[in-house]
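One structure below.
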Number of protein chains: 2
Amino acid sequence: MLANIKVQQPTETQCAECPIRKMALFKRVPEDQLESTQDHRSSQITFPSRAHLYREGETNDFVYTLFDGCVKLYKTLKNGKIQGMRSASPGDFLGFQGDLDGAMHHGAIALTDTIVCAFPKEDVHRMLCEHKEIASEMIMKNAQMMAFCQEHLLSTGAKIAIERIAFTLIELNHRFKTLLSSKSVGQYERIIELPLTQEDLADAVGLTSIHVNRTLKQLKDKQLISCKKGRISVLNEKELMLLAHFNPDRIHVRNIL
Amino acid sequence: MLANIKVQQPTETQCAECPIRKMALFKRVPEDQLESTQDHRSSQITFPSRAHLYREGETNDFVYTLFDGCVKLYKTLKNGKIQGMRSASPGDFLGFQGDLDGAMHHGAIALTDTIVCAFPKEDVHRMLCEHKEIASEMIMKNAQMMAFCQEHLLSTGAKIAIERIAFTLIELNHRFKTLLSSKSVGQYERIIELPLTQEDLADAVGLTSIHVNRTLKQLKDKQLISCKKGRISVLNEKELMLLAHFNPDRIHVRNIL
DNA sequence: CGGTCCGTTGATTGTCTTCAAGTTGGGTGG
DNA sequence: CCACCCAACTTGAAGACAATCAACGGACCG
């Protein structure tokens, strides 16, 4: 469970000042009510890279809003094969599933040092009832996750290796780029280093890391990406988007509720 | 068999009498308020087999609760390849996506003659705000759809052909079985004919229909299934579940909100 | 009776996996 | 500082699995 290495922040960010709130679950909670939502929050917790937030098949008492970092959500088969569900980025809501009290349907492992805001699951029901802004936002977040999951499924089921890999890279790159450009008013690193090992990428796209390695080489030869240990960077977004059949409008959707 | 349980309603079913309401979006709306939700409903609509409820890339003014029948939800790539997202069954909520007014991210085509309850999209916002029971149910339905989509992704990304096919068949069979046993208090056809052509199944699992045909032959040889034109039946659930790595508790989850 | 949709089968090709060995680079402890 | 270690990455060769190409059968329908 939480027994992992967790460190309390010396000073916790207050919800009212939270820089990612505009993309998190409390987006629509009026400023003057934030104090009460904050009561639900048990704490900010940090996880070092490669630590588990929770494990597949085990129960976990918290849900999280990802505050900073990158977290791999994945499932496994009994034969050991892994399928990545999503590389979560700041603002993502983690750990919610239909049977809140049951064993987790997937695992979550930090790809970088990570900070999350934790909420006891027992409060989730109350939060959703008391704040219909949260319920609305939950519906929208879920719709976004659904859109992503379906594009991921399309990618995995109907594209060839190089297209799938291009898709996963360009989607994550696009997501981080949007985040960074909204955080820092000015400019941001034009080239982002995605915190993925080739094996993480292999899990995400449903291929072996060996074949991912060979395919990445093709992409490097075409100057579309660059790699170093545990990092992959997108160099040519336009070409990758074409290769990937990537349309940001299908995934990164503006909310309507 | 599916075709038999469908009853064409000469007069439209009233929400208060709706036999599938307990699994639909209005599950929790108090009896005495049903009249107002009914006002939102524009009509029951029937679609013949192989008609589109809506098409990918086009806009559509309604969302639907599937009342009777089976509907294939799918996406396509520009090269023509199709990936099935889900075979929807009665109680499923269709056509909702984050950008309600935008072009549909997926298409929906009837696999059998189908009856849906249609709701104008412009009322969706109001419905969710006015009835928090609907909002809650929406959140739960979405969690279920998410769980399914993720299992489907796991299946597509990490299993071999025979396992994927077994998974898709046993999952759909299990879903229909649950529906039928709750509809008819007494017994139901023990063997269900799933309304899938081999090509539909191929789309769902991300394989060619030729390879699906060969794999189905293996399953027939093992007496696990039987086929006729446009119908596939599960004969040995237990064996198929093992083959498929299928765990109903991961997908067909009891609600908690 | 011809047409069409769905299913079946064979032969061939190609993508991806598996097995098997390296190599590189960062980190650690002597 | 160097030696060592380990995880991540790289490369080659062989084989498995699924796609493609091609042809045919059978049921249903107008």
Side-chain angles (χ1 to χ4, degrees), chain A residues 48-51 72 77 79-84 109-113 155-166 168-169 193-221 225-233 243, chain B residues 3 48-51 72 77 79-83 109-112 155-169 193-221 225-233 243:
Chain A
S49 182
R50 295 295 157 180
K72 170 181 177 176
L77 294 177
N79 62 21
K81 286 190 180 169
I82 293 175
Q83 176 64 44
I109 188 171
L111 293 179
T112 64
D113 292 348
S155 199
T156 304
K159 295 178 193 168
I160 63 176
I162 199 169
E163 296 168 341
R164 290 195 225 177
I165 289 172
T168 294
L169 293 179
E193 291 188 345
L194 305 174
L196 295 172
T197 66
Q198 294 184 7
E199 196 164 357
D200 290 326
L201 181 55
D203 293 342
V205 298
L207 298 167
T208 59
S209 62
I210 294 165
H211 198 242
V212 164
N213 180 279
R214 294 186 169 119
T215 309
L216 286 177
K217 193 174 162 187
Q218 292 177 47
L219 292 172
K220 279 187 283 186
D221 290 349
I225 62 163
S226 67
C227 300
K228 50 178 167 172
K229 194 162 192 169
R231 311 276 140 167
I232 305 173
S233 295
L243 237 184
Chain B
S49 182
R50 294 294 155 181
K72 169 180 176 177
L77 293 177
N79 62 21
K81 287 192 178 168
I82 294 176
Q83 177 63 43
I109 187 170
L111 294 179
T112 65
S155 198
T156 304
K159 293 178 194 169
I160 62 176
I162 198 170
E163 296 169 340
R164 289 195 227 178
I165 290 172
F167 175 82
T168 294
L169 293 178
E193 291 187 343
L194 305 174
L196 297 171
T197 67
Q198 294 185 5
E199 196 164 354
D200 290 325
L201 182 53
D203 293 342
V205 297
L207 298 166
T208 59
S209 62
I210 294 164
H211 198 243
V212 164
N213 179 281
R214 295 187 167 117
T215 308
L216 286 177
K217 193 175 163 189
Q218 294 178 45
L219 292 172
K220 280 187 284 188
D221 290 347
I225 63 163
S226 67
C227 301
K228 50 179 166 172
K229 194 163 191 165
R231 309 278 139 161
I232 305 173
S233 296
L243 236 185

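Lettering follows sequence order; numbering is per chain, from 1.
- For the pair A:His211 NE2 and D:dA13 P, the computed distance is 16 Å after rounding to whole Å.
- For the pair A:Leu243 and A:Leu219, the minimum side-chain heavy-atom distance is below 4.5 Å.
- Closest approach of B:Leu194 to B:Leu169, counting heavy atoms only: CD1-O, 3.7 Å.
- Counting heavy atoms from C-beta on, the side chains of A:Arg164 and A:Thr168 never come closer than 4.5 Å.
- Across the protein-nucleic acid pair, B:Gln198 atom CD and D:dA18 atom P stand 16 Å apart, rounded to whole Å.
- If you take CG of A:Leu216 and P of D:dA8, they are 15 Å apart, rounded to a whole angstrom.
- Residue B:Lys228 has no polar side-chain atom (N or O) positioned under 4.0 Å from OP1 or OP2 of D:dG26.
- Mapping A:Ile162 and B:Cys227 onto DNA chain C by nearest heavy atom places B:Cys227 at the nucleotide closer to the 5' end.
- Under the 4.5 Å side-chain criterion, counting only non-hydrogen atoms from C-beta, B:Lys220 is not in contact with B:Ser226.
- For A:Leu196 and D:dA8, the CG to P distance is 13 Å, given to the nearest whole Å.
- Atom pair B:Leu77:CG and D:dA19:P shows a separation of 14 Å (rounding to whole Å applied).
- What separates CD of B:Glu199 from P of D:dA19 is a distance of 13 Å, to the nearest Å.
- Here chain B contacts DNA chain C (any atom closer than 4.0 Å to a heavy atom, that is under 4.0 Å), and the contacts span C:dC5 to C:dA11 from 5' to 3'.
- Looking at B:Thr215 and B:Leu207, their side chains never come closer than 4.5 Å, going by heavy atoms from C-beta outward.
- Mapped onto DNA chain D by nearest heavy atom, A:Ile210 and A:Lys229 fall at different nucleotides, with A:Lys229 at the one closer to the 5' end.
- Following rounding to the nearest Å, A:Asn213 (CG) and D:dT10 (P) show an atom-to-atom distance of 4 Å.
- Rounded to the nearest 0.5 angstrom, A:Glu199 CD and A:Asp203 CG are separated by 6.0 Å.
- How far NZ of B:Lys72 is from CZ of B:Arg50: 6.0 Å, rounded to the nearest 0.5 Å.
- A straight line from CD of B:Glu163 to P of D:dC17 spans 11 Å, rounded to a whole angstrom.
- At a threshold of 4.0 angstrom between heavy atoms, the contacts of B:Ile160 are confined to the sugar-phosphate backbone, with no base atom among them.
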